Every structure is written in C-alpha cells, then in structure tokens.
Amino acid sequence: MPRIEDYALIGDEQTAALVGVDGSVDWLCLPRFDSAACFARLLGDEENGHWRVAPKGVQGPCTRRAYRPGTLVLDTEWETGEGAIRVTDLMPQRDRAPDVVRIVQGLRGRVTVRSTLRLRFDYGWVVPWMRRVDGHRVAVAGPDAVWFRSEPAVRTWGEDFSTHAEFTVGEGESVAFVLTWHPSHHPRPPLVDPYEALRASVEDWQAWSARCRYAGPHRDMVVRSLITLKALTYVPTGGIVAALTTSLPEEIGGVRNWDYRYCWLRDSTLTLGALLAAGYQEEAEGWRNWLLRAAAGNPADLQLMYGLGGERRMPECELPWLSGYLGSRPVRIGNGAVNQLQLDVYGEVMDSLSLARTAGLSPKPHIWSLQCALMKWLCRNWRQPDEGLWEVRGGRRQFVHSKVMVWVAADRAVRTLELHPGLHGDLEGWRALRDEVHREVCEKGYDPERNTFTQYYGSRDLDASLLLIPRVGFLPPGDPRVAGTIDAVREELGHGGLVRRYNTDGATVDGLPGGEGTFLACSFWLADALHMTGRTKEARELFERLVDLANDVGLLAEEYDPVNGRHLGNFPQAFSHIGLVNTALTRFDGEEAG
C-alpha cells in the first residue's frame with residue numbers, strides 16, 4: 001500500500017480522486033465528496049476497487065510526476081527499457097456528470113501499457129453488472145452507473161470482475177480513457193472530448209491561479225495550497241470540506257480514524273482570511289454565504305460541522321468489510337461529533353462575519369440579526385462545559401480555548417457596534433460579558449507556577465490551541481503570559497520540532513486509546529505565535545521545515561510522524577493548507593507580503 005503522501009489529488013470542485021505514484025486511482029467518491037466510494041483500495045485492498053494505468057509489468061512507482069504549473073492536471077511519467085510514457089490525469093469541471101480523464105502519451109520508444117479497472121460501488125462492497133453498450137462498457141448496480149470508454153482501436157476485455165485493456169504507444173501517439181458516472185435511472189450524459197477537456201482544464205486553472213496576488217517567498221507552495229482549497233470546495237454551495245478522505249489514521253494501526261468529508265465551522269475565520277488575503281473574493285463570498293445558510297436557525301442548534309449543502313445529519317457507522325489503511329480499523333463514515341457542544345464555534349462564526357463585514361463582502365441585511373441571536377444564546381449558556389474544538393470523546397470540560405472564543409464572540413460584537421453606530425444591540429451587556437470571560441479565563445485557566453495557560457480549568461495539561469491567544473487578540477503578544485504559554489507548549493507538546501495537539505499519553509481527555517502524530521495546523525500556529533512575539537528567526541525556520549514536509553506535488557495531510565518520517569491522518573487536509581497560506585502571507589521580517 002502506498003504511503004499517504006504518495007498520493008496526488010485531481011478533482012472537479014464537486015468531488016475528487018487520489019492517484020498513487022504507481023498510477024492507480026485508489027479513492028473516488030461519486031458524485032460528491034461525501035458519496036459512497038467506487039474506488040476504495042485506499043482503505044482496503046485491490047478487490048475494493050481501483051483503476052491502474054501503467055507500463056505492463058511495472059509494479060512499482062513512477063519515475064517522476066508533477067502538476068502542470070498552476071493547475072490540478074497531473075502528469076505521471078515512467079521510464080522503461082522499451083521507452084517512456086506520460087499519463088495525464090484530470091477531472092474536468094463538470095457540465096452534467098463527473099468524468100475522470102486519463103490520457104496516455106508516448107514520449108520515447110514503444111511501450112506496452114496495461115489498464116486495469118476494478119469498479120466496486122458502496123465503498124468496495126458492491127460488484128456491478130458490466131455490459132457493452134454502443135461500443136462502450138457500462139457498469140450498473142442499484143443507483144449507480146459508470147460508463148467506460150477508450151479509443152476504438154484499444155481492445156478491452158472482462159476478467160475476474162474487472163475490465164482490462166492492453167495497447168502499445170509510440171513517440172507522439174496518444175490513447176485516452178474516460179470514466180463517467182450518472183444515476184442509473186438516467187440516460188447516458190453527453191460524452192466529453194478528453195483532449196478538449198485537457199486543454200480547457202489547463203487554461204481555466206492557470207487563469208484562476210494567476211489571480212493570486214501573493215508575490216512573496218514560497219509563492220509556488222501558496223498557489224498549490226490555494227488550488228487544493230479550491231479543489232476541496234463544493235462549488236454548488238461554496239462549502240469547503242475538511243479533507244477528501246475518511247478514516248486515514250492518526251496512528252498507523254490505531255482507532256483514531258474519522259470521516260472528514262464535511263465542512264467545519266472552526267475553519268471559517270482562517271479560511272476566509274486566507275482567501276481574502278490572497279485575492280479570491282468570489283470564493284470568500286461563496287464560503288461566507290455557505291456559512292450563513294448553515295448557521296441559520298435556532299442558535300441553540302448551531303453545530304460544529306455540516307454537510308456540503310448545510311445538511312445537519314451525518315450519522316456515524318463502521319464499514320466492517322474494509323480492512324483499513326494498513327490495518328487501521330475501524331473504517332468510519334459519518335461523524336458522531338456532529339452532536340457535540342462546542343462553544344468555540346460561536347466565536348468563530350462571529351469572528352468570520354466580522355471579518356467579512358470589515359473586508360467589504362457584499363452586505364446581507366439579515367447577518368446582524370443572526371449575530372444578535374447567537375450572542376443572546378451565548379450570554380445565557382457560555383458557562384457550560386463542552387467537548388472543545390478537538391471533539392474529545394472523554395466527557396465535557398471547561399476548555400480554555402472554548403472560553404477564549406466566547407470572549408472573541410463578545411469582542412467582535414462590541415467592536416461591530418462601535419464601528420457601525422447604525423446597528424443596534426446590547427452593547428453594555430456584551431462589554432460586561434467580554435470582561436467577565438476574560439477575568440475568569442485569566443483566573444481559572446492560567447497556571448501562575450508555570451506561567452502558562454492550561455487545556456481546561458484546573459488542569460496541568462496543555463493544548464496547542466492556546467497558541468491562538470495572541471492571534472485572536474485575547475492578550476497582546478508582549479504579555480509575559482503569552483511568552484510563557486508558547487514556551488510551555490513547545491516543551492511539553494513539542495515532538496521532533498513540531499507540535500502535537502495535546503498529550504495522548506495515559507488517561508486523556510479524548511477518551512481514546514493510542515496516540516497520534518504532530519498536528520500540522522498547530523505547528524503553523526506556533527510559527528505565527530513565534531513571529532508575533534518577535535522570535536522571527538525561530539518562526540522562519542519552523543515555517544521552512546513545514547513547507548519541506550509537503551509531498552512531491554505540494555500536498556499536506558492532517559498530521560506528521562517525525563519518528564517514521566511519514567504523513568498521517570486524512571489527506572489532503574484543508575486545515576494544514578490554510579495554515580500554510582496564512583503563515584506565508586506575513587513575511588518574517590515584519591512586513592506584509594504581496
């Protein structure tokens with residue numbers, strides 16, 4: 001099984017696929033990010049579905065691969081004794097149906113190429129019925145139908161419930177394959193021209209990338225991260241999924257395997273800030289509008305995550321027929337954390353809408369009414385313990401980060417009224433709330449013996465989310481308690497120069513066995529905190545190291561294992577790429593970049 005970082009991403013802004021260094025598409029959910037997978041080898045084995053295109057007899061990785069500059073079009077090349085080929089993979093932005101296009105081009109000599117397509121619907125569980133129709137092959141099972149077509153001269157045949165093809169390409173010759181999904185009760189959608197789709201995709205992606213106004217160091221990595229965020233966007237609604245995958249483990253062989261194919265409110269402010277700072281106002285508008293629709297309703301029912309369209313239910317269950325990535329079980333779909341209380345989301349929503357208003361996004365008359373309703377609920381309920389931003393399953397606590405974000409909510413409400421006298425609200429009440437929360441956190445969430453804030457009231461444990469205290473404005477960067485917290489987090493949660501979210505040794509707040517790797521977003525937060533407190537050299541060195549952790553095509557997972565030198569967790573992870581963009585947008589000489 002390839003390493004997590006051995007995969008590259010292709011997508012059409014409604015779903016996406018992972019392509020391994022061996023030329024195998026091992027993960028693809030159709031027609032949406034959160035749909036059932038038709039290729040699930042990533043979480044099982046070849047019998048759970050995949051599609052490999054590579055030189056015949058070559059089992060290992062390719063010779064080289066890269067995205068075409070400024071695009072999500074992937075070129076994978078093999079050098080063999082017979083010659084050399086390139087396989088170009090893409091998912092063109094769809095008209096009616098999702099397509100996967102794979103174009104094989106001869107570069108040198110004559111190379112025999114093998115294609116093996118093994119479709120398995122419902123996360124590798126259902127073997128479809130395959131038949132020939134109008135010279136194409138169509139696979140049908142229940143609600144799903146997939147059409148597979150190739151060049152007329154390429155012979156395909158069925159064997160072992162799979163579709164195979166074998167052909168030879170010489171220099172300058174090309175062979176294209178197209179895989180198209182549609183609901184099985186609908187007629188076949190219009191056929192795409194694979195070569196025109198390639199031309200249009202390169203042109204469209206490069207035009208989009210050229211809009212990035214960041215011109216500082218590591219521009220290529222910033223653009224790649226922005227392309228990744230764009231690829232994780234469900235364009236019909238503007239929602240951005242946290243990751244493409246489910247159940248990639250935070251510890252190889254462990255049980256910390258979760259479904260991240262949903263949209264988290266905790267990402268909202270950082271995402272909005274990254275898009276706006278890089279010049280992508282249209283995408284920021286789309287994300288803000290998704291946020292407004294998702295948060296609408298009774299403030300007591302505000303959730304920490306929603307579906308791509310703002311759906312509220314995502315029941316968690318296990319898929320026992322999948323063995324898990326390298327035996328990491330269970331494989332889960334859905335996410336039971338949706339039912340948790342996380343007070344920090346109120347602060348994140350208030351902060352996001354405040355940022356949107358300050359940045360000049362199009363006004364929406366109902367936004368302030370929504371914010372007032374959120375504040376009314378928060379004033380009555382902020383003292384409750386909650387599960388915190390890490391969605392712990394070991395019981396509720398008075399998490400310091402949650403209370404800091406309550407302070408953020410009150411602070412942004414107060415600032416909005418001070419800046420916009422035409423708006424009306426409980427200014428004095430919100431000022432009183434802001435002061436009370438600040439006083440309580442400094443009294444109950446701070447350990448004066450060690451000069452550090454703690455994970456929750458009365459605890460001696462630490463949490464990497466404490467690094468956000470100066471960023472959100474709870475305390476100024478020059479406050480000695482900020483410096484003390486940064487040093488304590490580095491000492492107690494540092495691992496291989498990076499940062500874990502919290503301590504997972506022994507009895508932990510998350511109620512789960514095993515451990516996890518260092519959390520990349522938290523490591524970017526550390527770089528930000530070091531920079532804000534004047535430790536520029538340390539910040540720059542950490543940022544450079546984090547950039548170097550990206551795989552060969554510029555992608556980051558959720559976590560990193562510094563002992564074994566490998567990525568962990570769901571992939572690619574929006575939170576990690578948001579961290580990279582936001583950290584890069586401020587140069588470490590104290591001047592704004594771009």
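What you are looking at is a predicted structure, and each value in this text was computed from that prediction instead of being measured.
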Original post:
Do other residues, nucleotides or ligands put more than 12 heavy atoms under 6.0 Å from the CD atom of Glu491?
Top reply: no
Original post:
Is it the case that Glu391 and Trp264 place a side-chain donor and acceptor less than 3.5 Å from each other?
Top reply: yes
Original post:
For Leu580, does its backbone N or O pair with a side-chain atom of Thr583 as donor and acceptor, under 3.5 Å?
Top reply: no
Subject >> Closest approach of Gly388 to Asp344 (non-hydrogen atoms, all atoms of both residues) >> reply: C-OD1, 4.2 Å
Original post:
Once you round to the nearest 0.5 Å, how far does CZ of Arg490 lie from CG of Leu498?
Top reply: 10.5 Å
**OP:** Looking only at non-hydrogen atoms, find the nearest pair between Leu361 and Ala284 and report the distance.
**Re:** CD1-O, 4.1 Å
**OP:** Look at atom NE2 of His366 and say whether more than 12 heavy atoms of other residues, nucleotides or ligands are closer to it than 6.0 Å.
**Re:** yes
Original post:
Backbone N or O of Gln455 within a donor-acceptor pair of the Arg397 side chain at under 3.5 Å?
Top reply: no
Original post:
Are Gln573 and Ile578 side-chain neighbours, meaning at least one heavy-atom pair lies under 4.5 Å?
Top reply: no
**OP:** Flag the pair Leu226 / Tyr280 as yes when at least one side-chain heavy-atom distance between them is below 4.5 Å, and no otherwise.
**Re:** yes
Subject >> Spacing of OG1 belonging to Thr228 relative to CZ belonging to Phe571, to within rounding of 0.5 Å >> reply: 8.5 Å
**OP:** Work out which heavy atom in Lys403 is nearest to a heavy atom in Gln384; give both atom names and the distance.
**Re:** NZ-O, 2.9 Å
Original post:
Side chain of Ser209, backbone of Gly70: donor and acceptor closer than 3.5 Å?
Top reply: yes
Original post:
So, Asn551 side chain and Glu5 main chain: donor-acceptor pair closer than 3.5 Å or not?
Top reply: yes
Subject >> Thr233 side-chain N/O to Ile240 backbone N/O, donor-acceptor pair under 3.5 Å >> reply: no
**OP:** Verify the distance criterion only: is there a donor paired with an acceptor across the side chains of Trp208 and Glu283 at less than 3.5 Å?
**Re:** yes
**OP:** Could you check whether the rings of Phe519 and Phe575 sit parallel, tilted or perpendicular, using 30° and 60° as the cut-offs?
**Re:** perpendicular
Original post:
At what distance, to the nearest 0.5 angstrom, does OG of Ser352 lie from CZ of Arg357?
Top reply: 12.0 Å
Original post:
Looking at CG of Leu232 and CG of Leu9, how far apart are the two atoms once the value is rounded to the nearest 0.5 Å?
Top reply: 6.5 Å
**OP:** Taking atom CD of Glu316 as the centre, report whether more than 12 heavy atoms of other residues, nucleotides or ligands fall under 6.0 Å from it.
**Re:** yes
Original post:
For the atom pair OG1 (Thr416) and CD1 (Ile367), what is the distance rounded to the nearest 0.5 Å?
Top reply: 10.5 Å
Original post:
What do the steps show when you test Tyr446 against Asn451 for side-chain hydrogen bond (donor to acceptor under 3.5 Å, both in side chains), and what is the final call?
Top reply: CA-CA 7 Å; Tyr446 174 71; Asn451 187 29; 2.5 Å; yes
Original post:
Can you check whether Gln303's main-chain N or O pairs, donor with acceptor, with Arg312's side chain at less than 3.5 Å?
Top reply: no
**OP:** Measure across Arg256 and Pro513 and return the closest heavy-atom pair with its distance rounded to 0.1 Å.
**Re:** NE-O, 3.3 Å
Original post:
Can Arg94 and Asp12 be counted as an ion pair, charged N to O under 4.0 angstrom?
Top reply: yes
Original post:
With a 4.0 Å cut-off, would you call Arg501 and Asp463 a salt bridge?
Top reply: no
**OP:** Begin with the C-alpha distance, continue with both residues' side-chain angles, and end with the deciding distance and a verdict on side-chain hydrogen bond (donor to acceptor under 3.5 Å, both in side chains) for Ser465 and His401.
**Re:** CA-CA 6 Å; Ser465 63; His401 174 264; 4.5 Å; no
Subject >> Cation over ring face, Arg481 and Phe453, 6.0 Å, 45° >> reply: no
Subject >> Minimal non-hydrogen separation, Ser354 against Arg412, with atom names >> reply: CB-CB, 4.1 Å
Subject >> Glu541 vs Arg545 side-chain heavy atoms within contact, under 4.5 Å >> reply: no
Subject >> Chi angles and distances behind the side-chain hydrogen bond (donor to acceptor under 3.5 Å, both in side chains) call for Asp510, Tyr502 >> reply: CA-CA 10 Å; Asp510 62 24; Tyr502 49 85; 2.9 Å; yes
Subject >> Parallel, tilted or perpendicular: rings of Phe474 and His438 (30°, 60°) >> reply: parallel
Subject >> Modelled atom types, side-chain donor and acceptor of Asp447 and Thr452, under 3.5 Å >> reply: no
Subject >> Criterion side chain to side chain contact (heavy atoms under 4.5 Å, CB included) on Glu348 and Asp351, from CA distance to verdict >> reply: CA-CA 5 Å; Glu348 283 140 6; Asp351 198 17; 5.6 Å; no
Subject >> Exam field: side chain Gln14 to backbone Arg32, donor-acceptor pair closer than 3.5 Å >> reply: no
Subject >> Polar contact flag, side-chain donor to acceptor under 3.5 angstrom, Glu440-Tyr457 >> reply: yes
Original post:
Under the 3.5 angstrom rule, does the side chain of Arg288 hit a backbone N or O of Ala356 as a donor-acceptor pair?
Top reply: no
Subject >> Verdict with reasoning, Glu492 to Arg500, per salt bridge (Lys or Arg N to Asp or Glu O under 4.0 Å) >> reply: CA-CA 9 Å; Glu492 297 190 23; Arg500 296 172 295 162; over 6 Å; no
**OP:** Taking all non-hydrogen atoms of both residues into account, name the closest pair between Asn503 and Leu493 and its distance.
**Re:** N-CD2, 3.7 Å
Original post:
Under 4.0 Å between a Lys/Arg side-chain N and an Asp/Glu carboxylate O for Asp435 and Arg439?
Top reply: no
**OP:** Could you tell me whether the side chain of Glu538 reaches within less than 4.5 Å of the side chain of Ile486, counting heavy atoms only?
**Re:** no
**OP:** Check step by step if side-chain hydrogen bond (donor to acceptor under 3.5 Å, both in side chains) holds for Thr454 and Ser459.
**Re:** CA-CA 6 Å; Thr454 60; Ser459 168; 5.3 Å; no
Original post:
Quick check, are the ring centers of His531 and Phe543 under 6.0 angstrom apart?
Top reply: no
Original post:
Within the side chain of Arg450, is there an N or O that forms a donor-acceptor pair under 3.5 Å with the backbone of Arg460?
Top reply: yes
Original post:
Taking it one step at a time, do Glu387 and Arg396 satisfy salt bridge (Lys or Arg N to Asp or Glu O under 4.0 Å)?
Top reply: CA-CA 5 Å; Glu387 278 88 2; Arg396 294 181 176 181; 3.2 Å; yes
Original post:
Rounded to the nearest 0.5 Å, what separation is found between the CG atom of Asp259 and the CG atom of Asn257?
Top reply: 11.0 Å
Original post:
Would you say the ring centroid of Tyr234 lies under 6.0 angstrom from that of Trp290?
Top reply: no
Original post:
Run the side chain to side chain contact (heavy atoms under 4.5 Å, CB included) check on Val338 and Glu311 step by step: do they pass?
Top reply: CA-CA 11 Å; Val338 70; Glu311 299 90 348; over 6 Å; no
Subject >> Working for ring pair (Phe, Tyr, Trp, His ring centres under 6.0 Å), residues Trp377 and Tyr346 >> reply: CA-CA 10 Å; Trp377 185 91; Tyr346 291 85; 4.6 Å; yes
Original post:
Does Trp407 reach the side chain of Val441, with side-chain heavy atoms less than 4.5 Å apart?
Top reply: no
**OP:** Ignoring hydrogens and angles, tell me if any N or O in the side chain of Asp561 forms a donor-acceptor pair with the backbone of Thr518 under 3.5 Å.
**Re:** no
Original post:
Does one side chain, of Glu558 or His567, offer a donor that lies under 3.5 Å from an acceptor on the other?
Top reply: no
**OP:** Evaluate side chain to side chain contact (heavy atoms under 4.5 Å, CB included) for Tyr262 paired with Asp34, printing each intermediate quantity in order.
**Re:** CA-CA 7 Å; Tyr262 307 109; Asp34 56 354; 4.2 Å; yes
